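This structure is a prediction, so every number in the text was calculated from the model and none was measured.
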Amino acid sequence: MPVGYLWTVAFVAAGTLFALAPVRRPWPLDDLSFRLGLLIGELPFVAAAWLVLWTAVAFAQGDIRTPAGWAAVALAAATVAGLALVVRRSMRARAEVDRALAEGLGADRRAAHSPGAAAVGPGRRHPLARVVLRPFPRRPRGVVRVANLRYGTGGRRHRLDVYHGRATPPGAPVLIHLHGGGYRGGRKNRQSLPLLHRFADRGWVCISANYRLRPAVRHPEHLIDAKRVIAWVREHGPAFGADPATVFVAGSSAGGHLAALAALTPGDPTLQPGFEDADTSVTAVIGLNGYYGPYYGQGPHSSPSAHITADAPPFLLVHGDRDTVVPVDIARRFATELRDAGVETVVYAELPGAQHAFDLFHSLRFEAVVDGVEVFTARVLAHRQALRPTAGREPRRPERPSTPAARSDS
């Protein structure tokens with residue numbers, strides 16, 4: 001009996017099943033479903049290649065001679081058919097993102113973009129070869145990572161990384177990303193790296209930041225950390241070519257909760273102890289599989305919904321319709337609340353077949369999302385450019401210590 005081959009087929013088959021029909025309870029089956037379904041759902045080509053390879057090895061070694069062996073081959077064939085359905089659902093992400101952009105920005109969304117090398121223009125199509133052969137994030141040669149810069153006194157949880165092009169011109173827009181992890185885990189160099197790498201390669205200055213976690217701290221300390229990152233960018237960003245007046249904030253899962261809260265509470269002195277005068281406003285928000293409800297039983301005030309006003313910045317929210325960690329209803333409701341409050345620009349995209357944390361790899365789905373983020377940011381930049389003659393004052397820059405020495409990964 002080809003035991004090794006049977007285990008391989010069973011693993012991929014289970015992941016494919018969980019990608020197509022995730023289990024929401026009970027624990028620990030739901031956790032297994034999330035992890036396997038996410039892996040296979042975002043890497044179906046890798047899974048199919050692995051399955052075909054081990055099937056060929058099993059035949060070459062003469063292992064497919066018993067009924068159990070042929071049953072494994074039959075299961076492998078059915079799994080490949082399931083993976084084809086996973087790919088088909090992934091390919092629908094682009095149409096959904098385009099629909100959401102058309103609804104939230106208007107049909108001419110791709111026509112207007114901010115001029116200049118630092119601006120990201122309309123979304124481009126990445127070759128399929130990258131998704132199939134190089135799905136794991138790898139920093140482009142033209143991008144420099146300056147790692148572990150200190151923005152506070154909280155040790156390694158108060159560290160951030162800066163990504164920028166080797167020849168980034170002055171005045172580049174900034175994209176800050178805040179990781180997920182349920183406020184209990186996660187770190188700055190794991191999530192949304194395809195997004196950060198592409199934007200840095202296109203002339204942006206990108207920031208990926210840690211923040212303090214539970215149980216050492218609770219809300220609003222995480223939010224204070226996020227605002228410290230924004231203040232740090234306003235003070236130190238120009239040293240990397242950044243425009244301190246143009247700061248986009250993005251977040252994944254719990255980071256989406258943080259990004260939304262930070263954007264909706266600009267300049268609140270109670271959330272900026274020791275840096276009350278810092279400008280912590282942001283240009284726009286990008287929420288990826290974000291959570292937008294109350295914080296661990298602390299009540300409605302800890303939810304972004306409690307702080308929505310009509311003058312909130314533009315929002316782009318992207319969520320998977322198969323998310324078993326943060327149910328999609330939460331994102332739908334938050335998008336509706338933003339629109340009902342009169343927020344001028346709200347783009348909401350619901351990705352078919354997407355599980356939580358879909359932003360880890362160069363997948364078909366996340367490449368479509370990154371293209372959509374390019375279009376969204378370009379439109380926001382164009383709008384700001386049009387309003388520049390009547391723009392308000394420059395952001396205030398508090399006195400801060402000089403930027404500490406850091407390691408640069410060239």
Side-chain angles (χ1 to χ4, degrees), residues 146 148-155 157-162 170-178 188 204-212 217-251 255 257-286 295 298 301-304 306-315 343 380-381 384 387-406:
V146 184
N148 295 318
L149 293 170
R150 184 175 64 251
Y151 72 87
T153 59
R157 299 312 311 181
H158 277 173
R159 297 288 187 271
L160 58 80
D161 297 343
V162 178
V174 179
L175 175 64
I176 297 171
H177 180 265
L178 302 167
K188 56 184 169 58
W204 286 55
V205 173
C206 296
I207 311 291
S208 184
N210 284 337
Y211 50 87
R212 291 172 294 169
V217 301
R218 58 186 299 181
H219 178 78
E221 278 80 7
H222 318 291
L223 178 55
I224 292 170
D225 288 351
K227 288 175 171 287
R228 286 189 186 278
V229 173
I230 298 170
W232 186 96
V233 168
R234 289 246 151 79
E235 177 68 13
H236 299 295
F240 301 97
D243 174 10
T246 308
V247 178
F248 291 72
V249 61
H257 186 262
L258 264 186
L261 276 173
L264 295 170
T265 59
D268 185 338
T270 65
L271 300 173
Q272 298 179 196
F275 58 109
E276 292 85 354
D277 292 333
D279 181 358
T280 57
S281 63
V282 301
T283 305
V285 183
I286 300 155
Y295 175 94
Q298 285 196 12
H301 191 72
S302 62
S303 167
H307 304 277
I308 298 174
T309 60
D311 59 351
F315 272 77
V343 178
V380 172
L381 288 172
R384 283 174 58 88
L387 296 179
R388 182 157 293 180
T390 58
R393 58 180 176 82
E394 290 294 315
R396 292 169 289 180
R397 303 182 187 178
E399 293 297 324
R400 313 287 284 173
S402 60
T403 306

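In this structure the side chain of Leu261 reaches within 4.5 angstrom of the side chain of His219, judged on heavy atoms. Side-chain atoms of Arg234 and Ser281, non-hydrogen and from C-beta on, do get closer than 4.5 Å to each other. Within the 4.5 Å cutoff, no side-chain heavy atoms of Val233 are placed close to those of Pro244.
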Inset, instruction - Kindly determine whether Leu149 and Phe240 satisfy side-chain contact (heavy atoms from CB on, under 4.5 Å), including the steps that lead there. - result: CA-CA 12 Å; Leu149 293 170; Phe240 301 97; 3.7 Å; yes
Legend entry - Residues His158, Asp225; criterion side chain to side chain donor-acceptor pair (under 3.5 Å); working and verdict: CA-CA 8 Å; His158 277 173; Asp225 288 351; 2.8 Å; yes
Inset, instruction - Apply side-chain contact (heavy atoms from CB on, under 4.5 Å) to the pair Phe248 and Val380, showing each step before the final yes or no. - result: CA-CA 10 Å; Phe248 291 72; Val380 172; 3.8 Å; yes
Inset, instruction - Take Asp243 and Thr246 through the test side chain to side chain donor-acceptor pair (under 3.5 Å) and record every step on the way to the result. - result: CA-CA 6 Å; Asp243 174 10; Thr246 308; 2.8 Å; yes
Legend entry - Derivation of the side-chain contact (heavy atoms from CB on, under 4.5 Å) call for Asp161 and His177: CA-CA 10 Å; Asp161 297 343; His177 180 265; over 6 Å; no
Inset, instruction - Determine, step by step, whether Phe315 and Leu264 satisfy the side-chain contact (heavy atoms from CB on, under 4.5 Å) criterion, reporting the C-alpha distance in whole Å, the side-chain angles of both residues, the deciding distance to 0.1 Å, and the verdict. - result: CA-CA 11 Å; Phe315 272 77; Leu264 295 170; 4.1 Å; yes
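Annotation: His257 is not in aromatic contact with His222 [ring centroid separation under 6.0 Å not met].
With rounding to the nearest 0.5 angstrom, the OG1 atom of Thr283 is 7.5 Å from the CG atom of Leu381. With rounding to the nearest 0.5 Å, the separation of NE2 in His307 from NE2 in His301 is 4.0 Å. A distance of 12.5 Å separates CG of Asp279 from CD of Glu235, quoted to the nearest 0.5 Å. The distance from atom CD of Glu221 to atom CZ of Arg157, rounded to the nearest 0.5 Å, is 14.5 Å.
At least one donor-acceptor pair under 3.5 Å links the side chain of Glu276 to the backbone N or O of Gly274. Side-chain atoms of Gln272 come within 3.5 Å of backbone atoms of Gly267 as a donor-acceptor pair (strictly under, hydrogens ignored). Formation of a donor-acceptor pair under 3.5 Å by the Tyr151 side chain with backbone atoms of Asn210 is found in this model.
In plain terms, the two heavy atoms of Pro220 and Leu271 that are nearest each other are CB-CD2, 3.7 Å. When every heavy atom of Leu178 is checked against every heavy atom of Ala209, the shortest pair comes out as CD2-CB, 4.3 Å. Counting all heavy atoms, side chain and backbone alike, Lys188 lies closest to Arg159 at CD-O, 3.7 Å. Heavy-atom minimum distance, Gly251 versus Ala259: N-CB, 4.1 Å. The two residues Val343 and Thr309 make their nearest non-hydrogen contact at CG2-O, 3.5 Å.
When the options Leu160, Leu258, Val229, Ile224 are evaluated for a side-chain contact (heavy atoms from CB on, under 4.5 Å) with Tyr211, the one that passes is Leu258. Under the side-chain contact (heavy atoms from CB on, under 4.5 Å) rule, Val249 has a single partner from Thr280, Val174, Val282, which is Val282.
The 12-atom threshold is not exceeded at CZ of Arg218, counting heavy atoms of other residues, nucleotides or ligands nearer than 6.0 Å.
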